[in-house]
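Just below is one structure, and these are the notes that go with it.
For ligands, and for the atoms within them, numbers begin at 1 and follow the listed sequence.
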Amino acid sequence: MRTARLAAPFLSRPLILTALVALAACGPRNDPQTEAEDSSAPTIETVTGDNVIDLIVEGRYIVTMDEQMTVVTDGALAIDAGIIVAVGPAAEVNAQYTSDERLAGDSRVVLPGLINGHSHAAMTLLRGVADDLELMTWLNDYIFPAEVEFVDAEFVRIGTELACWEMIRGGTTTFVDMYYYPDVIAQVVDSCGMRAHISATVIGQRSPDAESAADSLAKGDEFIDRWKGKSSRITPIFGPHANYTMNEEQLTATREAANRLGVPIAIHMSESPFEVEYSKQTYGTTSIDFFESIGFLDGPTIGAHVVWPTDDEIRILAERQVGVIHNPTSNMKIASGISPVTAMLQAGVRVGLGTDGAASNNDLDMWEEMRLAAFLQKVDRMDPTVLSASTVLKMATSGGAEAIGLGDKVGSLEAGMRADLIQVSFDDVHFVPTYDVISHLIYVADEQDVASTVVDGQVLMKDGKMLTIDTARVRQEATALAARIQSALASRNN
Ligand SMILES: [Zn+2]
């Protein structure tokens, strides 16, 4: 590929062109740092009008999610070496660049890929295995025993692949995962092309891949060592489960290990009234206050749920820049409560969105999360003006990226950002007429409307066709494994 810089025409236009500056030099595909060409050599080429790049993506509208919420009509993105090199009117992008690969965009809306900030991907295999139960009953009587009995490396491989299929299909490009056998998860993510934070789960009980918290911590250390810096798409992190499944010493040890290795932590935080009560009785104070008191928030932290923070705890979350992940479907299904999302946003807390695992949702549909997040806040506050469509879209894109520490890489479509994006087809009758694109994305669109999904410049789904996952094999493997789980459950209950 050729080094390409955009020339004056893009920069001189006042309208929306702040997003158009193509400043990113296009380095070699694999590792720009190690393979960088001689830095003394001139890198700026004259624009010839036929700079050959990897991919051009077009859209009737490009919803950039930049600071100004710029929407480009009849736009295009130029992508090279995984990076967005230009965004602007299609006529101008096409005049500057050519590519063998192109995603046409007649009736399509292009936006940043959705960020699922909290999931347990492989739990797709436990989808619908036990519903309509209280959280602790669901966990202790169904999920934990089922996991000890059935979850092994093969379960995680199949379940994660099934989840990646569903997420790519629905326009999710990044997810934060907490499950077992993180090496297997990382291998699946590596091969299917998604971006993910993958947790080494730490829990104070025997789990499918460890004998104890100390064992899971030691194995997590090794996992992080193996994967840190290995792929630009994969961030290995620690995932201590919660303060009711771990004690203070185990939590502190996990924070210390994460800080020593320079990785974030993802944890369930203030999810249910049970957790808050447990925290008060065990530690003498509420959940988040307890985390703060032991120095657990001294480092990048992603807190899933945060349904029951006090006003004081909301202040702590903002001060500590904890990334909060709101999971409206799971919170409603398990009746965990209604998270004070509006108050947290007003206090400056970084809030993203997540699906939680498919056992408590029961799908990985971020469109549903966006819509429910908006509706739940409106009815909770009895105020339809809170959590507007654009606020919710931010939570699933740029805001979600900031919440998980990737705000400088993904979440908006601007020159220099990694090329994680989706095309949504506006062909379906439910988009007619279209007055406001962002309104339709939140209040109308669903995962079946996603046409194409791109991560790091690689097309993972094109016109609804999955390109990196053998869907027939995954369907067959998942169905076969579920049949084994079902017959084992049936014989246990007899
Ligand atoms: Zn969870």
Worksheet item: What residues, two or more places apart in sequence or in another chain, satisfy side-chain hydrogen bond (donor to acceptor under 3.5 Å, both in side chains) together with Q377?
Response: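 side-chain hydrogen bond (donor to acceptor under 3.5 Å, both in side chains) list for Q377, sorted by chain: T342.
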
Worksheet item: Does any N, O or S atom of H120, backbone or side chain, fall under 2.8 Å from the Zn ion (ligand 1)?
Response: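 Of the N, O and S atoms in H120, at least one lies under 2.8 Å from the Zn ion (ligand 1), which means yes.
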
Practice prompt. Answer yes or no: are there more than 12 heavy-atom neighbours, outside R475 itself, under 6.0 Å from its atom CZ?
Written response: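 It does not: R475 CZ has 12 such atoms or fewer within range.
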
Item to complete: Verify whether the ring centers belonging to H430 and H440 lie closer than 6.0 Å.
Response: no

Item to complete: Please find the N/O/S atom of D356 nearest to the Zn ion (ligand 1) and write down its name.
Response: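 Within D356, restricted to N, O or S, the Zn ion (ligand 1) is closest to atom OD1.
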
Worksheet entry | Within-4.5 Å side-chain heavy-atom neighbours: Y244 and E277 |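 No, their side chains stay 4.5 Å or more apart.
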
Worksheet item: Given atoms NE2 of H118 and NE2 of H268, what angle do they subtend at the Zn ion (ligand 1), to the nearest 10 degrees?
Response: 90°

